[in-house]
Amino acid sequence: MVVTTRQLIKWKQQKRPIVTLTAWDYAIAQLLDEAGVDVILVGDSLAMVALGYPTTLPLTLSQMLHHAKAVRRGVKRALVVCDLPFLSYQESIHQAIRSAGRALKETGVEAVKLEGGHPEMVKTVAHLTAIGIPVMGHVGLTPQSVHQLGYQQQGKTPQDQERILTEAIALAEAGAFAIVLEHIPAELAAQITDTIPIPTIGIGAGTHCDGQVLVTADLLGLSEKQPPFAKPVVNLRQVITAGVQDFISEVTNKK
Ligand code: KIV
């Protein structure tokens, strides 16, 4: 069965957890899809994990589309969602429609993800969904605002918690089909999950969300810096270094 945005909402109603991971190329996407991941996010974290930038901000729409095409070619079952990079949608609703439209038309992904839930972004989401472009929201820690928020947990004060809850409700009302909740207290994520009718996909937001997402490089121990909430299941940096050193030794010793 191919995963659709409607299926994710049914899974929330059935309390069937939604498994999401990020991918940045064909090989990773194929492995995740074959393993049974439900949603594959071409996250703009690829700027850091695949392109070596210090933040997600330098990533361009052309770079993102190039990676999204490769990911889409590797996937048969999962829903593929493409992040819109920093400043490819914040300028105007018109710009957001053009960028999201390019993502769907040129790469074949089924949906886009945008960061933020302030009133201007909610209007943008309402426009995109009204013309048939499925949108995943993203609130809490939004890495495209790193120079304002840093990478620390959000929603620590009652006012901040109220704001994040209001943003999630507004995004759901604007037609988003799911929302990423990043690095917020578990109790707040639980409250949002119980309030809105669409799935919440948590990352560092406790176990009560309708699904979970991680950056695949963090899950596999490929990242140079590990976020506090991501537990690697394997240390691929060590595995790859050991394999390459074996090869160096065999070549050097003419084996
Ligand atoms: O870019 C990304 O990988 C993301 C996830 C952290 C949700 O947005």
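One is the number of the first residue; the rest follow in order along the sequence. First listed ligand is number 1; within each ligand, the first listed atom is number 1.
- Close approach of ligand 1 to G43 (heavy-atom distance below 4.0 Å) involves ligand atoms 1 (O), 2 (C), 3 (O).
- Minimum interatomic distance between H118 and E167 (heavy atoms only, all atoms of both residues): N-OE2, 4.1 Å.
- Atom CD of Q14 has more than 12 heavy atoms from other residues, nucleotides or ligands within 6.0 Å.
- Ranking the protein heavy atoms by distance from atom 2 (C) of ligand 1 puts S45 OG, 3.3 Å first.
- Residues A205 and L181 approach most closely at CB-O, 3.5 Å, considering heavy atoms.
- Geometrically, ligand 1 and E182 share no nitrogen or oxygen pair separated by less than 3.5 Å.
- Among V213, T22, V234, L214, the one residue that satisfies the side chain to side chain contact (heavy atoms under 4.5 Å, CB included) test with L219 is L214.
- Within ligand 1, the atoms closer than 4.0 Å to a non-hydrogen atom of T22 are 3 (O), numbered from 1 in the order shown.
- Residue contacts with ligand 1 include K113, since one of its heavy atoms falls under 4.0 Å from the ligand.
- Every atom of ligand 1 is numbered from 1 in the order shown, and the set under 4.0 Å from a heavy atom of D83 is 1 (O), 2 (C), 8 (O).
- The distance from ligand 1 to the heavy atoms of V215 drops below 4.0 Å at these ligand atoms: 3 (O), 6 (C).
- The two atoms that bring Q153 and I184 nearest to each other are NE2-C, 3.6 Å, heavy atoms only.
- Under 3.5 Å, the side chains of Q144 and D44 contain a donor-acceptor pair of N or O atoms.
- Interface atoms of ligand 1 facing I203, defined by a heavy-atom separation under 4.0 Å, are 6 (C).
- When non-hydrogen atoms are compared, ligand 1 lies under 4.0 Å from the side chain of L41 (C-beta onward) but not from its backbone.
- In this structure, I18 is not a member of the same hydrophobic cluster as V2, with clusters built from ILVMFWY side-chain heavy atoms closer than 4.5 Å.
- When each atom of ligand 1 is checked for a heavy atom of H138 under 4.0 Å away, the hits are 8 (O).
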